[in-house]
Trainee: 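Quick one: the structure is below, and I'll ask about it shortly.
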Amino acid sequence: MDLTVLFNISYGLYLVTSNDGTKDNGAIVNTICQVTNTPNRVAVTISKDNYSHYIIKNTGIMNVNCLTEDTPFKVFENFGFQSGKNVDKFADWNFTRSSNGLAILNEYSNSYISLKVEQYVDLDTHGMFICAVEDGENLSSAPTMTYSYYHKNVKPNPNTNTKKGFVCKICGYVYEGDTLPDDFVCPLCKHGASDFEPLS
Ligand code: FE
């Protein structure tokens with residue numbers, strides 16, 4: 001089959017915030033979807049490699065901040081390409097708190113939704129949190145950034161002067177060389193070799 005059919009599913013991009021008891025954490029997530037409406041439930045799927053997965057599995061709460069089209073690449077670098085295990089991701093950002101105590105990124109979010117986990121589904125590499133909607137607020141009328149908008153307009157374009165190499169489809173990192181090792185991991189966004197394509 002042609003696996004590129006999967007590229008036709010549309011996604012938004014969101015900053016999911018949580019707190020481990022000592023500091024605020026945030027992760028960039030695209031796999032968020034409202035799945036029922038009576039009552040309202042939202043499913044959030046997060047890689048088990050992410051510190052946020054560990055925190056949310058333990059605390060049972062999170063905020064979803066809906067990122068807007070004007071969100072700069074530095075937001076994705078800060079919250080998406082490093083781990084909250086090692087850094088305080090909110091150290092350099094202005095934020096407020098919702099009624100559940102979790103962070104809201106005021107700039108670059110058009111709204112936040114406070115979620116409480118009702119069910120957890122183990123998906124091997126990922127965990128799916130099926131959540132009740134506890135609270136939420138609109139912050140602006142700016143459109144939510146889609147994953148395709150990010151790929152077209154936000155992710156840096158690769159340096160096309162490089163003759164031979166591979167570019168990370170997620171973050172734009174360029175690996176220079178004739179062949180890309182199968183076990184290569186992007187130093188920027190930590191995605192594997194399957195998310196690289198040859199420079200044309
Ligand atoms: Fe990358």
Side-chain angles (χ1 to χ4, degrees), residues 2-18 24-33 44-56 62 64-93 103 105 107-109 123-129 144-200:
D2 182 355
L3 286 173
T4 64
V5 292
L6 296 174
F7 299 167
N8 295 313
I9 300 174
S10 183
Y11 302 94
L13 282 171
Y14 310 93
L15 173 66
V16 171
T17 57
S18 57
D24 293 289
N25 195 43
I28 303 293
V29 178
N30 67 294
T31 42
I32 295 180
C33 184
V44 178
T45 304
I46 301 178
S47 168
K48 289 182 184 174
D49 291 338
N50 286 10
Y51 188 45
S52 294
H53 176 275
Y54 170 83
I55 296 173
I56 294 164
M62 72 184 97
V64 172
N65 295 256
C66 300
L67 296 174
T68 52
E69 287 183 352
D70 62 346
T71 306
F73 187 63
K74 65 179 181 181
V75 170
F76 298 96
E77 285 182 297
N78 182 79
F79 291 104
F81 300 162
Q82 55 183 349
S83 176
K85 281 177 206 157
N86 315 311
V87 294
D88 179 0
K89 294 188 180 184
F90 272 94
D92 300 323
W93 299 85
L105 190 69
E107 202 178 8
Y108 313 127
S109 295
L123 298 174
D124 305 318
T125 56
H126 290 63
M128 176 186 270
F129 299 96
T144 298
M145 186 183 292
T146 64
Y147 211 2
S148 64
Y149 187 95
Y150 166 84
H151 281 294
K152 280 186 203 130
N153 303 297
V154 180
K155 181 180 70 174
N157 287 318
N159 179 358
T160 49
N161 295 329
T162 307
K163 283 205 173 82
K164 285 182 178 168
F166 299 82
V167 59
C168 175
K169 290 186 282 186
I170 308 300
C171 73
Y173 174 83
V174 172
Y175 173 89
E176 290 184 42
D178 291 336
T179 54
L180 183 73
D182 289 342
D183 60 352
F184 188 76
V185 174
C186 178
L188 214 53
C189 71
K190 313 299 182 206
H191 281 244
S194 63
D195 283 317
F196 278 73
E197 62 188 5
L199 281 171
S200 50

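Indexing begins at 1, ligand by ligand and atom by atom, following the structure's order.
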Trainee: Which pair of non-hydrogen atoms, one from S52 and one from G26, has the smallest distance, and what is that distance?
Mentor: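 Of all heavy-atom pairs spanning S52 and G26, the closest is OG-C, 4.2 Å.
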Trainee: Quick one: side chain to side chain donor-acceptor pair (under 3.5 Å) partners of S109, sequence neighbours excluded?
Mentor: none
Trainee: F7: what forms a ring-ring contact (aromatic ring centres under 6.0 Å, His included) with it, not counting sequence neighbours?
Mentor: none
Trainee: Distances under 2.8 Å only: what protein N/O/S atoms are near the Fe ion (ligand 1), ordered by chain and residue?
Mentor: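 The answer is C168 SG, C171 SG, C186 SG, C189 SG.
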Trainee: For H151 and Y147, take the angle between the two ring planes, folded into 0 to 90°, and tell me which bin it lands in: parallel under 30, tilted 30 to 60, perpendicular over 60.
Mentor: tilted
Trainee: Taking the ring centre of each residue, are H191 and F196 less than 6.0 Å apart?
Mentor: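 That pair fails the under 6.0 Å test.
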Trainee: With F76, which residues qualify under ring-ring contact (aromatic ring centres under 6.0 Å, His included), at least two apart?
Mentor: Y150
